[in-house]
Amino acid sequence: MGSVQIVTTILAFAITAVAVWLAVRAVMKMVAVIRQGQPDPTRFGDKGTRTKTMLAEIAGHTRMLRWGVVGAAHWFVMVGFIVLSLLVLEAYFEVVSPTGGLPLVGGWALYGLVTEWLAILGIVSILVLIAIRLRNRPTRPGGKSRFTGSTMWQGYFVEGIILAVLIMGFVIRGFKVATDHFEYPVWAAPLSHAVGGLLPDWDAGVSVAALIKIVISMTWLIVIALNVTMGVAWHRFLAFFNIFFKRDPGANVSGLGALRPMTSQGKPLDFEEADPESDQFGVAQVEQFTWKGLLDFSTCTECGRCQSQCPAWNTGKPLSPKLLVLSLRDHAYAKAPYLLAGGGKDLTGEEKATAAQLAHLDVLALAEAEKPLIGTAEEGGIIDPDVLWSCTTCGACVEQCPVDIEHVDHIVDMRRYQVLIESSFPSEAGVMLRNLENKGNPWGAPQNTREDWTKGLDFEVPRVGEVDDFEYLFWVGCAGAFEDRAKKTTRAVATLLNEAGVKFAILGEGETCSGDPARRIGNEFVFQMLAQQNVETLNEAFEGREKSKRKIVATCPHCFNTLGNEYGQLGGEFEVVHHTQLLAHLVATGKLTPVQPVDGGVTYHDPCYLGRHNRVFAPPREVLGTAIAGELTEMPRNSERSFCCGAGGARMWMEEKIGKRINVDRVEEAMATGARTVAVGCPFCSTMLNDGVNGKGAGEQVEVVDVASVLLRSVRPEQTPGGTDTERLPVAD
Ligand code: SF4
Ligand code: SF4
């Protein structure tokens, strides 16, 4: 070993020892913080499926590849990172000896070839990612981007380090070529040979370059070890765990559809016995999230995909799902020293730690612990109430997140505490909650008017109890029963079912609100009250039937979601379909025959709770495909990337005081397609988009109607069934 190699070896191992020590300390700190969360025993079952999903998502980049170029570039960087870690390991042999190499694989042409090309593609890919970050930098002319609010230096730092490490790999190989110590032929390592042609025949060059590569790599490790909230770097390790422990192990997108039940100490809360002095009601302190919540916050890469799709953020509201996650993460880590010293408030608000336990604590950690989780900037709050109440629970953030963060569950958990314990929520929603409690529907309409929509139909609508050989129970929903526009859809669906010879029956006055608005605003108590009542009614209606014969058809995607995905949590197991699914089936099997296509151009707006939350994208399009002239005109934001109408998450009953109205944004997009008909599959979307169209003064030119109405118009073009909204839809000659 020459004198140069003695120096390079000492320096390489010294910096590595420091970096590894700091990294171990950082990992221990991170684990300790995550362990402060509440238990969640539901995350450990079905390990086989979890492993399969995790491998598919990581090795196949199934989520990332939805963003084509970025996904592909990230895949090469990820694979490059894993394989080229071997090359960093190899550098430890090269600081010792210029002819050093990895045992076993070193010198094998195939290894040389694979690593050469992964490094080349890695350099190209990281340059693409850097260019994308620069092009979307928040400071560029033109304003906000998905990176607004991200810690930009961290992104550039990580990308710069990867680039430098990859380049140094070629410099090392180049020196080996120049000094005639390189084992791989030109066909296996063409770039290394080309670089070698430019470098001097300097024997110590290999060891010095290898030292530089190790110093760069260890600098990265030291920096991330000193910054445990640096998700852009730590996600490389944490993403494996976050994806493995996702809520729905087999689902491509987890955290949509049903909400996570309210739990205390890891057990679902039973409101008959729950006591706010001993049971946790929602989340009021960051440590009241589950450990998986804290792992979610730690894993965020700050990529901003969620932010770029969020309807609230895109219309000037203060909510960005990314910034919400980052605020919770930073708060959790800043408060951690206090929690780890034994600090924390019990459920009555009393401090758990003794004065002695907190005596030597950093003042900053103590100050952080005093901050309210929900509060305005003046109150020092971590999450502003306007942020919390801006969410429509549309799920666009969850859909986009490449590391499976479950934003909606976290947002609703915080709402639950605000509503149930603090009674603090937008006051206008209070009327809706009172109506739910007292009248069983959000509008406060008298229960005995639930069947008024049946008036004027040219056939009898059967009721459960009067008939028992029905195939489908038609769940009408509160909007479908009381809201004028939605009543037209209800009539259209009933007419089509009758036309197709489907045996169906309604509950009539036996139906109450599914509970969706109560649950999404955070009032789990009212939700459970309504849901239990409905589960009882439905179980009675289906008595003696097995699950596959307990069929329900719903026109409201919120009811469809709640009945199908959430009533199971309360003992109600049903086969629930959305009316567009049933109509698509009836058309496909020839039970309904569209005869005259609806003309003038048609576009379709995907309701969030039908599309993203329940993956029903094709059936409404299939129905429209048979009922309209020409092709369906898609809006730029459609299917998984559809843009919310603004009504979900009980926002239907809250005023929209900040920024641009979400429904207006969506209507502008719909109108820009030039379509005369905007088809929807949800009564709330219908209301919101109709309001938007009317607000733009375009009510005469553009019709917003349900898919069922478009189909009915095509099936019965000559005859407008009473009380439907089909007459204004133009049909082709
Ligand atoms: S659910 Fe929708 S509105 Fe709420 S934070 Fe996510 S993207 Fe934004
Ligand atoms: S999409 Fe996920 S990882 Fe990316 S910023 Fe949003 S929460 Fe973080």
Side-chain angles (χ1 to χ4, degrees), residues 57 63-64 66-67 70-71 74 133 136 138 145-152 154-155 229-236 238-239 242-243 246 253-257 259 293 295-330 383-384 386-415 520-522 607-609 611-613 637 640-652 654 656 658-659 662-663 665-666:
E57 274 189 39
R63 307 289 301 274
M64 286 293 293
R66 291 172 180 182
W67 289 47
V70 185
H74 190 273
R133 193 178 291 276
N136 292 299
S145 78
R146 69 183 170 101
F147 290 120
T148 301
S150 297
T151 323
M152 292 303 278
Q154 294 182 347
T229 56
M230 197 167 165
V232 67
W234 281 105
H235 82 272
R236 284 184 187 180
L238 296 176
N242 213 47
I243 295 171
K246 66 157 99 173
V253 186
S254 169
L256 293 178
L259 275 176
L295 179 60
D296 270 3
F297 309 150
S298 309
T299 311
C300 176
T301 72
E302 306 194 16
C303 69
R305 281 174 177 72
C306 55
Q307 180 171 288
S308 74
Q309 308 291 307
C310 174
W313 179 257
N314 278 295
T315 52
K317 319 279 187 287
L319 165 65
S320 146
K322 175 185 75 179
L323 299 181
L324 176 127
V325 166
L326 300 190
S327 301
L328 293 170
R329 176 197 69 190
D330 293 346
I383 304 292
D384 193 282
D386 281 336
V387 168
L388 192 63
W389 298 111
S390 290
C391 179
T392 67
T393 68
C394 72
C397 47
V398 179
E399 172 80 39
Q400 288 301 324
C401 183
V403 291
D404 281 328
I405 289 171
E406 295 157 358
H407 314 67
V408 175
D409 283 341
H410 304 321
I411 289 171
V412 173
D413 268 339
M414 290 186 281
R415 285 184 172 187
R520 262 86 202 154
I521 204 171
C608 302
Y609 274 84
R612 250 191 315 266
H613 279 278
R637 294 176 290 190
E640 288 91 343
R641 289 201 192 181
S642 179
F643 194 73
C644 181
C645 71
R651 289 277 341 157
M652 178 84 181
M654 298 180 214
E656 198 174 333
I658 309 172
I662 294 174
N663 60 340
D665 197 283
R666 185 56 164 168

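Order of appearance sets the numbers: ligands from 1, and atoms from 1 within every ligand.
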task = Test Gln309 against every option in Arg637, Gln400, Arg612 by the side chain to side chain contact (heavy atoms under 4.5 Å, CB included) rule and name the one that passes.
result =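 Single pass found, and it is Gln400.
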
task = Using the side chain to side chain contact (heavy atoms under 4.5 Å, CB included) rule, pick out the option among Leu238, Ile243, Val325 that qualifies with Thr299.
result =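 Among Leu238, Ile243, Val325, the one that satisfies the side chain to side chain contact (heavy atoms under 4.5 Å, CB included) with Thr299 is Leu238.
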
Contact flag Cys300/atom 8 (Fe) of ligand 2, N/O/S atoms, threshold under 2.8 Å =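 Checking atom 8 (Fe) of ligand 2 against Cys300, an N, O or S atom does fall under 2.8 Å.
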
ask   = Should Thr315 and Arg666 be marked as a side-chain contact (heavy atoms from CB on, under 4.5 Å) after you check the CA-CA gap, both sets of side-chain angles, and the distance that decides it?
value = CA-CA 10 Å; Thr315 52; Arg666 185 56 164 168; over 6 Å; no

ask   = Partners of Ser320 by side-chain contact (heavy atoms from CB on, under 4.5 Å), sequence neighbours excluded?
value =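 So Ser320 forms a side-chain contact (heavy atoms from CB on, under 4.5 Å) with Gln307, Trp313, Lys322, Leu323.
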
Going by heavy atoms in the side chains, are [X] and [Y] under 4.5 Å from each other?
X      : Y      : answer
Thr393 : Ile411 : no
Asp404 : Glu57  : yes
Met152 : Arg133 : yes
Pro318 : Ile658 : yes
Met230 : Thr151 : no

Identify, by atom number and element, the atoms of ligand 2 in contact range of [X], meaning under 4.0 Å from any of its heavy atoms.
X      : value
Glu302 : 5 (S), 8 (Fe)
Lys322 : 5 (S)
Gly304 : 4 (Fe), 5 (S)
Thr301 : 3 (S), 4 (Fe), 8 (Fe)

ask   = Backbone, side chain, both or neither: what part of Val403 comes under 4.0 angstrom of ligand 2, heavy atoms only?
value =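 Contact part for Val403 vs ligand 2: side chain (C-beta onward).
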
inquiry  = Checking contacts here: is it the side chain or the backbone of Ile405 that comes within 4.0 Å of ligand 2, counting heavy atoms only? Could be both or neither.
reply    =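 It is the side chain that touches ligand 2; the backbone stays farther off.
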
inquiry  = Yes or no: does Gln400 have any heavy atom under 4.0 Å from an atom of ligand 2?
reply    =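 Outside the 4.0 Å threshold, so no.
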
request  = Pick whichever of Cys401, Cys306, Ala239, Ser150 has a heavy atom sitting closest to atom 6 (Fe) of ligand 2.
outcome  =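 Checking each option, the heavy atom nearest atom 6 (Fe) of ligand 2 is found in Cys306.
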
inquiry  = To check your reading of the model: name the closest protein heavy atom to atom 4 (Fe) of ligand 2, its residue, and the distance in Å.
reply    =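 That would be Cys303 SG, 2.3 Å.
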
query = Starting from atom 5 (S) of ligand 1, which protein heavy atom do you reach first, and at what distance in Å?
reply =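 Protein heavy atom with the smallest distance to atom 5 (S) of ligand 1: Leu319 CD2, 3.6 Å.
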
request  = Keeping waters out of it, list the protein N, O or S atoms under 2.8 Å from atom 2 (Fe) of ligand 1.
outcome  =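 Per the 2.8 Å query on atom 2 (Fe) of ligand 1, atoms found are Cys394 SG.
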
query = Going by distance alone, is a donor N or O of one side chain under 3.5 Å from an acceptor N or O of the other, for Asn314 and Asp665?
reply =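 No - no donor-acceptor pair under 3.5 Å links their side chains.
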
inquiry  = Strictly below 4.0 Å, N to O, side chains only: are Lys317 and Glu656 in salt-bridge contact?
reply    =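 The answer is yes: the pair qualifies as a salt bridge.
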
